[in-house]
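In listed order, ligands and their atoms are each counted from 1. Hydrogens, waters and symmetry mates play no part in the numbers below; they use all other heavy atoms, side chains included.
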Amino acid sequence: MTTADRQGRLLAISDLHVGYAENRALVEEMRPETDDDWLLVAGDVAETVADIRWALETLSRRFRKVIWAPGNHELWTHPKDTVTLRGVARYEYLVELCRELGVLTPEDPYPVWEGPEGPVAVAPLFLLYDYSFLPAGCATKEEGLAYAHGTGIVCTDEHVLHPDPYPSREAWCRARVAETERRLAEIPADLPTVLVNHYPLDRHPTEVLWYPEFAMWCGTRLTSDWHRTHRVAVMVYGHLHIPRTTWLDGVRFEEVSVGYPREWRKRSEPPGKLRRILPMEVGSGDRGTAPGVGRGRGGTR
Ligand SMILES: [Fe+2]
Ligand SMILES: [Fe+2]
């Protein structure tokens with residue numbers, strides 16, 4: 001092993017969905033490459049607090065640092081969960097759980113990765129979505145939702161992701177975006193960033209969705225220039241269950257989803273493999289690759 005090999009890695013994964021026994025087994029096998037590895041977890045760990053705790057606790061014992069950004073599934077008030085909190089109260093409960101486990105959240109100061117290809121500020125984000133990734137031909141959220149109800153592709157969030165005390169999920173999203181912009185502006189101007197969010201900051205990854213109307217639940221146009229304005233080295237996201245690497249304006253976007261067993265069984269690569277974010281793996285991405293390679297289904301992400 002060379003000196004470089006002994007230095008830590010910045011690794012990432014998302015959409016663990018450990019409510020599935022097969023996915024739980026994948027998490028049980030997840031290990032760092034070195035003693036100094038950090039793990040970014042970009043949301044959709046599970047739906048119940050007990051499952052979320054199990055997964056984050058398991059991973060936090062193995063990695064030097066675990067950094068979590070919430071997915072929509074963690075924010076569901078699920079009928080199977082003994083914790084019945086809604087909206088902001090549920091999110092704050094999960095932040096407290098993470099603090100108990102030593103896992104960093106969007107509410108903590110952004111840590112600085114000093115390993116290979118650093119330093120970079122690592123910022124887990126919680127931004128939600130605001131229905132602004134509308135289907136073609138739709139001008140408003142109402143038109144978009146009417147179209148989605150017509151096709152039957154409606155995200156489960158509509159029933160179980162409550163925005164309380166905000167009047168709507170888009171109002172919660174706008175508040176999160178404003179507060180996050182303020183936080184990101186405080187990062188020293190000479191420091192590149194790795195931004196970790198459940199949703200892509202730009203719409204391009206949703207262009208391969210089998211059901212394009214699902215994009216309404218996949219992010220916000222409010223962040224479409226953030227990869228340029230916040231010195232982003234790598235943008236890490238999940239949610240679409242279409243793991244891949246794309247490049248936009250010279251910025252690497254990494255979707256790091258595991259997804260559901262019925263999805264990962266169809267892929268050729270082994271499931272649950274942690275994605276190397278830094279240092280960049282040789283051959284992990286070609287800057288000339290246009291967004292839009294591959295194809296995935298829209299559904300209950
Ligand atoms: Fe998701
Ligand atoms: Fe997911």
Looking at His239, the N, O or S atom sitting nearest the Fe ion (ligand 1) is ND1
Of all the N, O or S atoms in His198, which one sits nearest to the Fe ion (ligand 1)?
-> NE2
Does the shortest distance from the Fe ion (ligand 1) to an N/O/S atom of Asp44 fall below 2.8 Å?
-> yes
Compute both the distance and the angle, then confirm whether Arg9 meets the cation-pi test with Trp38: under 6.0 Å from the six-membered ring centre, within 45 degrees of the axis.
-> no
Please check if atom CZ in Arg221 has more than 12 non-hydrogen atoms from other residues, nucleotides or ligands closer than 6.0 Å.
-> no
From Asn72, does some N, O or S atom reach closer than 2.8 Å to the Fe ion (ligand 1)?
-> yes
Does any donor atom in the side chain of Asp15 or Ser257 lie under 3.5 Å from an acceptor atom in the other side chain?
-> yes
With the Fe ion (ligand 2) as the reference point, give the N/O/S atom of Asp15 that is nearest.
-> OD2
Does His241 put an N, O or S atom under 2.8 Å from the Fe ion (ligand 2)?
-> yes
Tyr110 six-ring face occupied by Arg183 cation (under 6.0 Å, within 45°) | yes
Should the pair Tyr20 and Tyr260 be assigned to parallel (<30°), tilted (30 to 60°) or perpendicular (>60°) ring geometry?
-> tilted
